[in-house]
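Below, each value reflects all heavy atoms present in this structure, side chains not excepted, and no hydrogens, waters or symmetry copies.
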There are 2 protein chains.
Amino acid sequence: MTESRVTEPRHPENTLAGTGATEAGDNPLLLANQICFALYSATHAMTKAYRPLLDDLGVTYPQYLVLLLLWERDGRSVKELGEHLSLDSGTLTPLLKRLEGQGLVSRSRDRADERSVLIHLTVQGKALHDKAECLPARITEASGCSTADLAGLRDQILRLRNDLTAALRKT
Amino acid sequence: MTESRVTEPRHPENTLAGTGATEAGDNPLLLANQICFALYSATHAMTKAYRPLLDDLGVTYPQYLVLLLLWERDGRSVKELGEHLSLDSGTLTPLLKRLEGQGLVSRSRDRADERSVLIHLTVQGKALHDKAECLPARITEASGCSTADLAGLRDQILRLRNDLTAALRKT
DNA sequence: AGATAATTTATTGCCTACGATTTGATTGTG
DNA sequence: CACAATCAAATCGTAGGCAATAAATTATCT
């Protein structure tokens, strides 16, 4: 690597710097101007930040989200997990089977309603809770933001999500 | 639908309402408290909002992002597209082949550097730009927010992404 | 009660996403 | 010139994600 300095930015920053508010700042079709892309790429960055931490736990990011719910309250149905995560059974069923294969959860029919499948943490699944406790702090640290700032941003993002979901329901 | 009223909330809102700032508001492992989940679910809601609009164009969401980049500047390499979208060739190659199969782009080796594959819009690919022009406005409308609010939120999210990416680079 | 309609649940098939490896082209060095 | 190192795409295996479909339960009607 002799002169890889001025070649090209490794990762185009998509900041609004440059151009001094020419036409570019107004063009709604510009990738950098779209909030959908901001969410899309921030989610990817977040997933990447979590990956090495989750590798230690031996689970993927969506699997971690399921475990978070079960640590809050055990013995939920597939349906209920799907409502909280906005995922349907087509996504959850294979995911839960993998968690079952790792010995972290058990899947069993609800005897009161044979249509439902109930998910319970195993002893190992419960034990993983302790190892996961530090993750949010690690991510907050990596973000370089205060917890208050992150909480504010989180609430704005959730509000946007709720508005979008509500608008979709009306359609 | 006789008495399906008080059964259960259709979509748990993950707002911070309830509990009146008991222990729950502080527990960093609570799903609702995690900004990663806010991003994750907002991205999904956004994708869902775009889907019917993109169905009219006949493309998926990531395909749309690629087209946005090409509409800004045509004839980019796979590598360059991947840098902007944080995607590698393993994702882009099949995606671009599908776009090629739909007659929206062409793929050809760069004659100056045969390692690179250049992606060019076809006539139809360029024509699609006009039909896509209205999409961002439709989404803004659905979000119920002002463009200024959305721009502010977008910049905060991009800042978070940049901080996370920078932190990852150091590791 | 028995038959049919409506709702809900879980499973299939296709696309996106990523890590790891492979192949071919280019650049750097002795 | 030859060799090694580097780089870009493509390929393969695994996993997440969603639309459409199939299976099962519940509700309704005669």
Side-chain angles (χ1 to χ4, degrees), chain A residues 1-4 7-8 10 40-41 43-52 54-55 58-66 76-83 85-102 107-119 168, chain B residues 1-4 7-8 10 40-41 43-52 54-55 58-66 76-83 85-102 107-119 168:
Chain A
M1 52 174 81
T2 46
E3 50 180 0
S4 66
T7 50
E8 206 180 2
R10 224 64 209 299
Y40 177 88
S41 66
T43 299
H44 283 330
M46 189 65 82
T47 306
K48 242 172 211 150
Y50 264 102
R51 191 178 309 281
L54 291 176
D55 281 348
V59 299
T60 65
Y61 185 70
Q63 291 171 359
Y64 169 67
L65 295 180
V66 168
R76 307 192 191 225
S77 68
V78 174
K79 168 85 168 170
E80 186 184 352
L81 293 171
E83 280 172 353
L85 300 174
S86 304
L87 296 177
D88 66 359
S89 61
T91 301
L92 282 174
T93 296
L95 186 156
L96 291 168
K97 283 184 176 171
R98 280 185 280 272
L99 282 179
E100 185 184 34
Q102 296 177 28
R107 305 179 332 121
S108 56
R109 293 274 167 188
D110 185 348
R111 228 174 306 166
D113 183 347
E114 293 273 344
R115 295 174 301 180
S116 295
V117 170
L118 296 181
I119 311 297
L168 285 182
Chain B
M1 52 172 89
T2 48
E3 51 182 359
S4 67
T7 50
E8 207 178 1
R10 221 69 211 299
Y40 178 86
S41 66
T43 299
H44 286 170
M46 188 65 82
T47 306
K48 236 170 220 155
Y50 265 103
R51 189 179 308 282
L54 292 177
D55 281 348
V59 298
T60 65
Y61 185 72
Q63 291 170 1
Y64 168 68
L65 295 179
V66 168
R76 307 194 192 222
S77 68
V78 174
K79 168 86 170 171
E80 186 184 353
L81 293 172
E83 280 172 353
L85 300 174
S86 304
L87 296 177
D88 66 1
S89 63
T91 301
L92 282 174
T93 296
L95 187 157
L96 292 168
K97 281 184 177 172
R98 279 186 280 272
L99 283 179
E100 185 184 35
Q102 295 177 30
R107 307 181 325 123
S108 57
R109 291 274 166 189
D110 184 349
R111 228 174 306 165
D113 184 345
E114 294 274 342
R115 292 174 303 178
S116 294
V117 169
L118 296 182
I119 310 297
L168 285 181

Can you tell me the distance, in whole Å, between the [atom1] atom of [X] and the [atom2] atom of [N]?
X	N	atom1	atom2	value
A:Leu81	D:dG16	CG	P	14 Å
B:Glu83	D:dC7	CD	C1'	12 Å
A:Asp110	C:dT8	CG	P	16 Å
A:Arg51	D:dT14	CZ	P	16 Å
A:Gln102	D:dA15	CD	P	8 Å
A:Glu114	C:dT8	CD	C1'	15 Å
A:Leu87	D:dA15	CG	P	17 Å
A:Leu96	D:dG16	CG	C1'	12 Å

Distance-only donor-acceptor check, side chains A:Ser116 and A:Ser77, under 3.5 Å: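 Absent: no donor and acceptor within the cut-off.
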For B:Arg109, salt bridge (Lys or Arg N to Asp or Glu O under 4.0 Å) partners two or more places apart: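 Not a single residue meets the salt bridge (Lys or Arg N to Asp or Glu O under 4.0 Å) criterion with B:Arg109.
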Gap between atom CG of A:Leu85 and atom NE2 of B:His44 - 0.5 Å precision: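 Separation between the atoms: 9.5 Å.
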Euclidean distance, A:Leu81 CG relative to A:Ser89 OG, rounded to 0.5 Å: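 That separation rounds to 11.5 Å.
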Under 4.0 Å protein heavy-atom contact, by nucleotide of nucleotides 10-16 of chain C - B base, S sugar-phosphate only: BBB--SB
Set of side chain to side chain contact (heavy atoms under 4.5 Å, CB included) partners for A:Asp88, sequence neighbours left out: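 A:Asp88 satisfies side chain to side chain contact (heavy atoms under 4.5 Å, CB included) with A:Thr91 once adjacent residues are dropped.
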Sugar-phosphate only, base, or nothing, as touched by A:Leu92 at under 4.0 Å among non-hydrogen atoms: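 Touches nothing.
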Side-chain heavy-atom pair A:Val78, A:Ile119 within 4.5 angstrom cut-off: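 In short, these two side chains touch, coming nearer than 4.5 Å.
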